[in-house]
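Note sheet for the following structure.
One-based numbering, in listed order, for ligands and for the atoms of each.
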Amino acid sequence: MDGPLPPRESARFVAARSRDVAVDGEGVRRAAELLLTAASGPALRVDGWRSLHELNPRTADEAALGWVFVVDTLNFSFWAEQEERKCLVSYRGKAYSGYWALCAAVNRALDEGIPITSASYYATVTLDQVRHIFRSDTDIPMPLMEDRHRVLNEAGRILLEKFGGCFLNCVQKSEKSAQKLMHLVVENFPSYRDVTEFEGKRVSFYKRAQILVADTWSVLEGRGDGCFADISSITMFADYRLPQVLAHLGALKYSDELLRKLRQGEMLSYGDKQEVEIRGCSLWCVELIRDCVLELIEKQSEKPHGEINSILLDYYLWDYARDHREDMKEIPFHRTRCIYY
Ligand SMILES: Nc1nc2c(c(CN[C@H]3C=C[C@H](O)[C@@H]3O)cn2[C@@H]2O[C@H](COP(=O)(O)O)[C@@H](O)[C@H]2O)c(=O)[nH]1
């Protein structure tokens with residue numbers, strides 16, 4: 001059986017048939033203009049990944065890649081049932097939530113002498129140890145703890161069996177191709193197989209596999225083993241924050257029926273028609289925004305130093321969503337519990 005449509009083609013297919021979610025041309029242009037103002041700044045640069053985020057690794061070595069691999073293996077489903085009662089992890093005097101709580105817990109474990117980024121450790125780590133490592137300051141635990149334990153054991157065992165326990169070996173097998181690395185990850189690590197069906201077609205968004213490639217490129221600052229010739233073929237990462245910020249910017253429109261569901265906090269299952277429409281249209285929307293940004297850059301005199309791609313636009317929009325949480329309260333995010341995003 002042939003594989004699923006690749007992410008970009010999946011998004012195009014879904015967006016063309018979507019009924020409850022639509023990409024808005026005017027909103028795409030407005031979002032592109034917002035991003036253009038950032039294009040010459042530090043945010044839309046591959047070396048921004050480290051300098052802008054204090055929890056990210058300070059080095060560009062094998063240990064840093066090991067950190068990226070274990071974090072992106074667990075990079076899913078942090079949203080809380082009630083925004084005011086959520087998992088928090090304090091690290092070096094600062095409390096973090098969501099994705100950053102995951103990073104803070106990993107760094108806290110390393111400081112405590114727990115080798116959480118070592119495959120030989122997390123291949124056999126127990127559920128109780130995982131609960132301790134990712135413990136919350138509040139009485140609200142990080143969601144899907146049992147799933148986190150399972151995917152950690154699975155990823156650790158496979159990394160030991162197939163790549164000598166070292167993610168750098170997997171990166172080097174990709175021979176500086178982002179697509180090859182993404183497929184190596186999806187073929188070897190089942191928890192990364194973000195594939196579903198839409199109107200009879202198998203579609204893929206590969207959110208965690210793509211962000212793993214992007215974070216590998218970022219932690220290596222696009223140099224050496226991270227100098228991927230085809231890095232711009234990686235799309236945005238179809239999570240639950242990007243749709244929210246794209247809707248907030250007017251680039252994505254929801255039907256009244258879907259908006260009512262989202263406002264009521266109704267859960268959508270992974271693979272539901274409306275859930276796939278939200279993810280597919282978001283991915284397609286960022287592709288159109290990128291095309292628009294590149295068009296606008298063509299028209300202006302000074303050019304940004306490096307290539308603007310969907311990864312850098314995604315990172316910027318994701319950070320924007322976190323910084324504008326208050327302004328976005330009216331736009332709910334969709335609630336899906338799964339290990340894929
Ligand atoms: N589209 C996209 N989704 C991303 C990321 C990140 C963090 N990555 C980079 C950002 C800074 C670092 O430099 C990392 O490289 C996490 N997520 C997703 O968001 C959700 C968590 O959200 P909240 O509950 O608010 O923490 C969850 O699905 C998580 O998987 C990204 O960048 N883009």
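For atom 12 (C) of ligand 1, the closest non-hydrogen atom on the protein side is W100 CH2, 3.6 Å. For atom 23 (P) of ligand 1, the closest heavy atom belonging to the protein is R241 NE, 3.5 Å. Of all protein heavy atoms, the one lying nearest to atom 32 (O) of ligand 1 is Y315 CD2, 3.4 Å. Closest to atom 27 (C) of ligand 1 among all protein heavy atoms lies Y240 CE2, 3.5 Å. Of all protein heavy atoms, the one lying nearest to atom 33 (N) of ligand 1 is D314 OD1, 2.6 Å. The nearest heavy-atom contact from the protein to atom 15 (O) of ligand 1 is W49 NE1, 2.5 Å. Scanning the protein for heavy atoms near atom 29 (C) of ligand 1, the closest one is N75 OD1, 3.0 Å.
Side-chain atoms of E112 and H132, non-hydrogen and from C-beta on, do get closer than 4.5 Å to each other. Looking at E154 and S191, their side chains come closer than 4.5 Å, going by heavy atoms from C-beta outward.
Taking the centre and axis of the six-membered ring of W79, the NZ or CZ atom of R337 falls inside the cone set by 45° and 6.0 Å. Within the cation-pi definition used here (under 6.0 Å to the ring centroid, within 45° of the axis), R17 does not qualify as a partner of F198. At least one cation-pi condition fails for R279 and F205: the charged atom is not both under 6.0 angstrom from the six-membered ring centre and inside a 45 degree cone around its axis.
Residue N56 approaches ligand 1 through these ligand atoms, each under 4.0 Å from one of its heavy atoms: 12 (C), 13 (O). In the vicinity of Y341, heavy-atom distances shorter than 4.0 Å reach the ligand 1 atoms 28 (O). For ligand 1, the atoms sitting less than 4.0 Å from at least one non-hydrogen atom of R325 are 25 (O), numbered in the order shown with element in parentheses. Here is the list of ligand 1 atoms found below 4.0 Å of a heavy atom in L242: 1 (N).
Between W318 and Y99, a ring centre-to-centre spacing shorter than 6.0 Å is recorded. Ring centers of Y341 and F76: at least 6.0 Å apart, outside the cut-off.
Heavy-atom distances between R208 and ligand 1 stay at or above 4.0 Å for every pair. Taking 4.0 Å as the cut-off, W79 does not count as a neighbour of ligand 1 on heavy-atom distance. Using a non-hydrogen distance threshold of 4.0 Å, I211 registers as a contact of ligand 1. Using 4.0 Å as the threshold, M236 has no heavy atom nearer than that to any atom of ligand 1.
Evaluated by nearest non-hydrogen atom to atom 7 (C) of ligand 1, the leading choice among Y316, F237, F78, Y99 is Y99.
Between E26 and K253, none of the side-chain N atoms (NZ, or NE/NH1/NH2) sits under 4.0 Å from a carboxylate O, so this pair counts as no salt bridge. Checked for salt-bridge contact, E33 and R30 miss the test: no charged N lies under 4.0 Å from a carboxylate O. Ionic pairing of R92 and D111 is present here: one or more N-O contacts between side-chain nitrogen and carboxylate oxygen are shorter than 4.0 angstrom. A salt bridge links R85 to D139: one of the charged nitrogens lies within less than 4.0 Å of a carboxylate oxygen. Ion pair E175/K180 flagged as a salt bridge, since at least one NZ, NE, NH1 or NH2 atom sits closer than 4.0 Å to an Asp/Glu carboxylate oxygen.
Of the heavy atoms in L52, none comes closer than 4.0 Å to ligand 1. With a 4.0 Å heavy-atom cut-off, ligand 1 is reached by the side chain of W318 but not by its N, CA, C or O.
In terms of polar-atom proximity, defined here as any N/O pair under 3.5 Å, D239 does make such a contact with ligand 1. On a distance-only criterion, G98 and ligand 1 share no N/O pair closer than 3.5 Å.
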